[in-house]
Amino acid sequence: MRWLLLACAIICEVFASLSLEGAIDHPWLYVVVGFGYLVSFWLFGRVLRAGMPVGTAYAIWGAVGVALTAVLAAIIFDEYLSTTTIIGLVVVITGVVVINLGGGHGETRSGATSASDPDDRGRGT
């Protein structure tokens, strides 16, 4: 469920970011921008509450969001994707994969698992 929530958060954020371009000529789209970002952050909070570590969730959200925004902006707004930009996107996504392969997802330095049980958050147990 948390992966679905994260995917929805990313889609809302990308939709809001792309709407910024349209808001230049159509100011009413700022409402769409604000709503998209609000929903995105709310969904991101749900992802964290579902137990995904913040570092993992944010890395995926950032990398996928940047890549999707760049690719969709090229398709929708005819923005140019240079070879350097494409290489940069691949490096960012590769970095997220490497971070996630590093292990220790959700573990603290003491070895305890953080956010393993969302109901135990903040209780100090």
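Side-chain atoms are counted along with the backbone in the values below, which use heavy atoms only and exclude waters and symmetry mates. Numbers for residues simply follow the sequence, beginning at 1.
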**Student:** Quick one: which of L89, V90, T83 gives a side chain to side chain contact (heavy atoms under 4.5 Å, CB included) with I87?
**Tutor:** T83

**Student:** What's the shortest heavy-atom distance between S19 and V32, and which atoms?
**Tutor:** OG-CG1, 3.5 Å

**Student:** Can you tell me if T85 uses its side chain to pair, donor with acceptor, with the backbone of L81 under 3.5 Å?
**Tutor:** no

**Student:** Could you pull out the closest heavy-atom pair between V39 and C12, with the gap in Å?
**Tutor:** CG1-SG, 3.6 Å

**Student:** With a 4.5 Å cut-off on side-chain heavy-atom distances among I, L, V, M, F, W and Y, is there a chain of contacts connecting W42 to V14?
**Tutor:** yes

**Student:** Mind checking whether Y58 and W61 have parallel, tilted or perpendicular rings, split at 30° and 60°?
**Tutor:** perpendicular

**Student:** Within this structure, what is the CG-CG distance for the pair L48 and L43, rounded to the nearest 0.5 Å?
**Tutor:** 11.0 Å

**Student:** At what distance, to the nearest 0.5 angstrom, does CG of L101 lie from OG1 of T94?
**Tutor:** 10.5 Å

**Student:** Kindly work out whether a path of hydrophobic side-chain contacts (I/L/V/M/F/W/Y, heavy atoms less than 4.5 Å apart) joins M1 to V54.
**Tutor:** yes

**Student:** With hydrophobic residues grouped by side-chain heavy-atom distances under 4.5 Å, do F41 and L38 end up in a single group?
**Tutor:** no

**Student:** Answer yes if the side chains of Y37 and S17 hold a donor-acceptor pair under 3.5 Å, and no otherwise.
**Tutor:** yes

**Student:** Transitively linked via ILVMFWY side-chain contacts under 4.5 Å: V96 with V91?
**Tutor:** no

**Student:** Find out whether I10 and L68 are in side-chain contact, i.e. whether some heavy atom of one side chain is under 4.5 Å from a heavy atom of the other.
**Tutor:** yes

**Student:** Locate the shortest heavy-atom distance separating M52 from R2; write the atom from each residue and the value.
**Tutor:** N-NH1, 3.7 Å

**Student:** To the nearest 0.5 Å, what is the distance between OG1 (T69) and CD (E13)?
**Tutor:** 5.5 Å

**Student:** Ignoring hydrogens and angles, tell me if any N or O in the side chain of S40 forms a donor-acceptor pair with the backbone of G36 under 3.5 Å.
**Tutor:** no

**Student:** Between L6 and F44, is any pair of side-chain heavy atoms under 4.5 Å apart?
**Tutor:** yes

**Student:** Any link between I11 and L20 through a network of hydrophobic side chains (Ile, Leu, Val, Met, Phe, Trp, Tyr) touching at under 4.5 Å?
**Tutor:** no

